[in-house]
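What follows is a short report on a single structure.
Just so we're on the same page: letters track the sequence lines, and every chain starts at 1. Note that these values count all heavy atoms, side chains included, but never hydrogens, waters or copies made by symmetry.
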Protein chains: 2
Amino acid sequence: MECSASTKTRGRPREFDPEEALASALRVFWKHGYEGASMAELTEAMGITKPSLYACFGNKEALFKKALDLYERDKLCYIKTSLDAPTAREVANRILRGAVKTHCGDSDPQGCMGVISSVACTTEAESIRKEVVARRASSEAAVVERFERAKAEGDLPENVDAKALAQCLLTVLQGLSVKAQVGAERKDLDAVVDTFLTMWPGR
Amino acid sequence: MECSASTKTRGRPREFDPEEALASALRVFWKHGYEGASMAELTEAMGITKPSLYACFGNKEALFKKALDLYERDKLCYIKTSLDAPTAREVANRILRGAVKTHCGDSDPQGCMGVISSVACTTEAESIRKEVVARRASSEAAVVERFERAKAEGDLPENVDAKALAQCLLTVLQGLSVKAQVGAERKDLDAVVDTFLTMWPGR
DNA sequence: AGCATTCCATACCGAGTGGTACATAGTGAT
DNA sequence: ATCACTATGTACCACTCGGTATGGAATGCT
């Protein structure tokens with residue numbers, strides 16, 4: 001049991017690729033959130049049966065967390081790389097453009113999996129919400145830190161509150177993902193980003 | 001059947017107040033969204049049994065739409081009244097402050113019922129999502145119109161795109177409601193609004 | 001070949017879902 | 001008092017939920 005990349009093959013070999021299956025599961029969770037994704041839809045998308053899923057991934061919650069890992073590694077990586085931009089404005093630009101591209105593309109589900117899963121939670125699945133919120137907090141902290149550096153480097157005026165500005169940026173980010181999920185057109189979201197960047201203080 | 005305020009009382013009189021019951025239902029939908037709210041929790045909160053609910057409100061979907069009407073009338077009215085503010089900046093200020101107060105108060109559930117219900121929708125409840133999205137679109141149109149007037153009146157610089165600015169404002173609005181729902185502190189949201197208004201173009 | 005081990009498929013579990021049939025109870029009109 | 005009418009409470013429906021027991025199939029080791 002427990003999916004791993006070990007090479008010892010005693011017993012009947014597994015007939016599916018756990019990574020491919022996880023990628024399929026990710027798309028289902030992304031579309032419907034944690035509670036909205038049923039085991040039936042998950043197994044069908046993954047092309048495996050329920051016992052195989054449970055043997056390999058544990059249970060629904062463990063599967064979700066592994067999917068969330070994959071999501072952050074593959075789809076949310078643009079946030080971390082954006083922090084390398086030379087100015088605060090360019091950081092904001094890259095993050096927002098990256099969000100529009102990721103959440104409004106037509107090859108992947110619309111919207112942000114984190115937002116979907118944290119908003120769509122009945123009380124009983126609150127551990128999922130806490131998981132998502134905790135991960136988002138760490139991203140937020142990184143942006144705050146980056147903007148404080150930007151202030152020291154003169155990218156941002158002295159009077160701006162780095163933490164508040166970072167939270168404002170991420171608020172727009174989450175708003176964009178909501179709009180994307182309920183079917184906003186990409187050009188409208190691009191216009192929102194244009195407008196927000198026009199308002200952006202400093203360079 | 002069908003709840004109404006008619007005065008003819010042939011047959012056994014109803015033992016509950018439909019308006020009170022609807023208000024209780026609203027709080028449940030607000031907390032959990034359409035699909036997250038179970039009939040069991042609804043009936044318990046409303047203090048009535050399922051047959052009474054179905055006789056008076058039709059079914060779950062009809063009950064939700066009536067709750068949504070009540071929500072918009074009682075809780076989202078600040079958006080329409082905000083449009084009467086003298087300047088575009090004051091319109092934005094009132095809308096954002098109203099949102100923080102409404103979605104981050106401790107007497108009502110956290111977050112925006114519309115966002116929760118439109119984001120947390122499995123494919124089968126898509127009619128609910130469309131309903132919510134359509135209502136939001138009409139609000140958005142009103143804000144766009146108000147900002148175009150503001151441009152004509154000189155509140156906003158000539159180079160700003162009224163529609164994009166309105167969408168940007170509502171993007172922040174939805175971002176705020178997401179943050180409120182997952183437990184952001186009110187002072188942080190106030191700081192976001194402060195920052196956004198500092199960036200606001202024109203008067 | 002025989003064995004231990006692992007995976008797959010079917011069929012099932014108890015609990016919860018939205019929704020309803022039915023008998024009973026309370027009302028106004030006749 | 002009887003009737004038509006409506007609300008209520010119980011008990012139930014078919015269905016789906018996440019999760020699992022079980023038997024057989026496929027492998028490596030001895």
Pairs under 3.5 angstrom, nitrogen or oxygen only, protein versus nucleotides 26-30 of chain D, please.
| unit_1 | atom_1 | unit_2 | atom_2 | d |
| --- | --- | --- | --- | --- |
| D:dT27 | O2 | A:Gly11 | N | 3.4 |
| D:dG28 | O4' | A:Thr9 | O | 3.3 |

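- Phosphate contact (OP1/OP2 of D:dT8, side-chain N/O of B:Ser52, threshold under 4.0 Å): present.
- Mapped onto DNA chain C by nearest heavy atom, B:Pro51 and A:Thr49 fall at different nucleotides, with A:Thr49 at the one closer to the 5' end.
- B:Tyr34 and B:Phe29 have parallel rings, their planes meeting at less than 30° on a 0 to 90° scale where 60° marks the start of perpendicular.
- Nearer to the 5' terminus of DNA chain C, by closest-nucleotide assignment, is the contact made by A:Phe16 (compared with the other of B:Asn59 and A:Phe16).
- The CE atom of B:Met39 sits 16 Å away from the C1' atom of D:dG9 (whole-angstrom rounding).
- Salt bridge absent: B:Glu145 and B:Arg149 never bring a charged side-chain N and a carboxylate O closer than 4.0 Å.
- For the residue pair B:Gln167 and B:Glu140, a side-chain donor N or O sits within less than 3.5 Å of a side-chain acceptor on the partner.
- A straight line from CD of A:Glu44 to C1' of C:dA9 spans 16 Å, rounded to a whole angstrom.
- A salt bridge does not link B:Asp69 to B:Lys65: none of the charged nitrogens lies less than 4.0 Å from a carboxylate oxygen.
- The ring of B:Trp200 has its center closer than 6.0 angstrom to the ring center of B:Phe147.
- Rounded to whole Å, the distance from CD on B:Glu41 to P on C:dG18 is 10 Å.
- Looking at the side chain of B:Lys50, the nearest of the listed nucleotides C:dG19, D:dG19, C:dC8 is C:dG19.
- Atom CG in A:Leu42 sits about 8 Å away from atom P in D:dG18, given to the nearest Å.
- Between the side chains of A:Arg97 and A:Asn93, at least one donor-acceptor pair of N or O atoms lies under 3.5 Å.
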